[in-house]
Protein chains: 2
Amino acid sequence: MAGRARSAQEPGSRQRLVSAAVTLLARQGYEATTVNGIAVEGAAPMGSFYFHFPGGKEEIGVAALGYGAERFAERLGEVLAQQASLAEALAGCANWLADELVASEWADGCPIAATALESVTRSAALRAAAAAGFERWCDVLRDRLVSEGLSDEAATDLATNALSLIEGAELLARAQASPYPLYRAASALRTLATAALADPADAP
Amino acid sequence: MAGRARSAQEPGSRQRLVSAAVTLLARQGYEATTVNGIAVEGAAPMGSFYFHFPGGKEEIGVAALGYGAERFAERLGEVLAQQASLAEALAGCANWLADELVASEWADGCPIAATALESVTRSAALRAAAAAGFERWCDVLRDRLVSEGLSDEAATDLATNALSLIEGAELLARAQASPYPLYRAASALRTLATAALADPADAP
DNA sequence: GTCTATAACCCGATAGAC
DNA sequence: GTCTATCGGGTTATAGAC
């Protein structure tokens with residue numbers, strides 16, 4: 001912990017570094033992000049960086065994936081709770097992400113996706129942190145589905161597919177600089193939700 | 001063109017370099033891939049690299065995205081043609097990719113995805129090449145859907161969603177080292193295909 | 001805990017002989 | 001077309017004063 005108390009408006013240098021890393025990993029991925037860039041964006045000197053993260057770049061990468069995943073999980077839960085129907089709750093997630101991407105001109109994407117792909121053959125620690133983040137988001141989605149009456153199995157299937165569809169649509173949207181893949185995903189999510197609720201084999 | 005004819009079994013150094021770049025971009029993304037690594041994997045010296053690609057790393061990146069996209073488009077068309085029903089044709093794509101990922105222990109992923117995410121805020125040329133590749137795959141999917149009687153609009157929607165779902169499922173599968181996201185995507189693709197064929201609003 | 005300076009290394013790219 | 005040698009710059013990480 002820090003040596004003295006800080007106000008909530010002025011996070012300590014460690015927290016600023018982690019937040020900066022989340023932003024940079026979401027924008028440009030892990031390999032293109034430099035520790036120097038993180039220190040500049042987090043308004044901290046290099047000496048401070050290696051004091052807080054003696055494990056260097058990989059250690060802050062793991063911390064950033066964990067913090068970014070948790071922060072997104074909270075917002076995801078809020079958006080899912082805003083709509084009464086399951087179909088509109090899922091579609092609302094896709095539309096929400098489309099709005100955020102347009103607002104940042106496609107810069108601020110998923111805080112995990114790029115690093116996850118880059119780490120598969122290069123860092124077991126980063127890959128595990130990415131997998132844990134995706135798992136966390138699946139759990140948030142599944143909780144909402146179970147509360148609609150879906151069985152555990154049906155909820156797991158639909159939660160995984162919803163996350164896959166949204167992640168893939170965001171990938172296409174950022175590459176093509178178009179929100180349409182996410183709008184189309186919203187429509188497909190309504191179809192999948194309706195089918196899951198209608199199928200008697202999926203009831204508990 | 002090359003100065004002399006070559007047998008098909010011995011591609012010239014330019015082609016070897018492009019093929020090597022496709023493999024490396026699929027495995028570890030753009031930023032982690034070095035021109036030196038491409039030259040080694042392609043069994044060509046550095047001087048040869050810069051003779052064929054005076055534009056350097058970005059130029060071979062664009063060439064690799066184009067060649068990788070075309071090669072995948074051909075195999076995608078073949079897999080789509082193997083099944084009589086639309087639902088099984090789409091599900092077969094997801095299962096096929098699951099098999100390939102397991103066989104390579106999650107190393108050989110999408111030849112575009114990682115580079116697409118890394119290039120959004122860093123290279124307009126790479127981003128455009130990635131977008132063109134995704135568009136090409138969407139066209140292959142759409143042709144199959146139109147041949148089933150779907151309207152242009154319905155076919156475009158379903159083709160985009162199928163590609164999003166498969167790309168997202170592959171992302172989750174590689175991060176979690178599990179084929180289940182792709183197996184679940186196969187199931188969802190059957191649902192989406194069935195719904196599209198049943199909806200009279202989607203008929204031409 | 002923070003800072004500056006710098007070490008050790010690797011990157012993309014070029015030069016120029018052949 | 002191919003090769004070797006090398007340049008300049010940016011990278012991660014450390015040293016050591018404060």
Side-chain angles (χ1 to χ4, degrees), chain A residues 1-7 10-21 24-25 27-65 114-115 118-119 121-126, chain B residues 1-7 10-21 24-25 27-65 114-115 118-119 121-126:
Chain A
M1 302 299 173
R4 63 183 180 84
R6 288 175 189 279
S7 71
E10 287 182 45
S13 61
R14 194 198 134 94
Q15 181 55 39
R16 287 201 313 274
L17 286 167
V18 173
S19 291
L24 292 173
L25 292 189
R27 287 199 177 142
Q28 58 191 21
Y30 180 79
E31 297 289 343
T33 296
T34 68
V35 293
N36 216 311
I38 296 171
V40 169
E41 182 84 8
M46 287 299 295
S48 194
F49 178 97
Y50 280 100
F51 171 80
H52 290 297
F53 301 95
K57 188 179 177 183
E58 191 178 46
E59 185 181 346
I60 200 176
V62 169
L65 290 178
T115 304
E118 291 177 285
S119 68
T121 63
R122 294 175 60 85
S123 165
L126 287 171
Chain B
M1 303 299 175
R4 63 181 179 86
R6 286 176 192 279
S7 70
E10 287 181 45
S13 60
R14 194 199 135 95
Q15 181 55 39
R16 288 201 312 274
L17 286 167
V18 173
S19 291
L24 292 173
L25 292 189
R27 286 199 179 143
Q28 59 190 21
Y30 180 79
E31 297 289 342
T33 297
T34 68
V35 294
N36 217 309
I38 296 172
V40 169
E41 182 84 7
M46 287 299 293
S48 194
F49 179 97
Y50 281 100
F51 171 79
H52 290 297
F53 301 96
K57 188 180 179 182
E58 192 179 47
E59 184 182 348
I60 200 175
V62 170
L65 290 178
T115 304
E118 292 176 284
S119 68
T121 63
R122 294 176 61 84
S123 164
L126 287 171

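We name chains A, B, ... by the order of the sequence lines, and we start the count at 1 in each one. Predicted, not measured: the structure shown is a model, and the values here were computed from it.
Counting heavy atoms from C-beta outward, B:Arg122 and B:Glu31 have side chains that approach closer than 4.5 Å.
B:Lys57 has its NZ atom 13 Å from the C1' atom of C:dA13, to the nearest Å. Rounded to an integer number of Å, the gap from B:Glu31 CD to D:dG10 C1' is 13 Å. A:Phe53 places its CZ atom 15 Å from the P atom of D:dT14, with the value rounded to the nearest Å. B:Met46 places its CE atom 15 Å from the C1' atom of D:dG1, with the value rounded to the nearest Å. The distance between atom CD1 of B:Ile60 and atom P of C:dG12, rounded to the nearest whole Å, is 11 Å. Atom-to-atom, NE2 of B:His52 to C1' of D:dC3 comes out at 13 Å; the value is rounded to the nearest Å. Computed from coordinates, the A:Phe51 CZ to D:dC18 P distance equals 20 Å when rounded to whole Å. As a whole-Å value, the separation of B:Tyr50 OH from C:dG16 C1' is 17 Å.
In this structure, B:Ser13 reaches the D:dT2 phosphate: one of its side-chain N or O atoms is under 4.0 Å from OP1 or OP2.
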Quiz item: Should B:Leu65 and B:Leu126 be marked as a side chain to side chain contact (heavy atoms under 4.5 Å, CB included) after you check the CA-CA gap, both sets of side-chain angles, and the distance that decides it?
Solution: CA-CA 8 Å; B:Leu65 290 178; B:Leu126 287 171; 4.1 Å; yes
Exercise. Any chance you could lay out the side chain to side chain contact (heavy atoms under 4.5 Å, CB included) test for B:Val62 and B:Phe53, step after step, and finish with the verdict?
Key: CA-CA 11 Å; B:Val62 170; B:Phe53 301 96; over 6 Å; no
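Cation-pi geometry between A:Lys57 and A:Phe49 is not satisfied (NZ or CZ under 6.0 Å from the ring centre, within 45° of the ring normal).
Here A:Gly47 lies in heavy-atom contact (under 4.0 Å) with a base.
Closest to the side chain of A:Thr34, out of C:dG12, C:dT2, D:dT11, is D:dT11.
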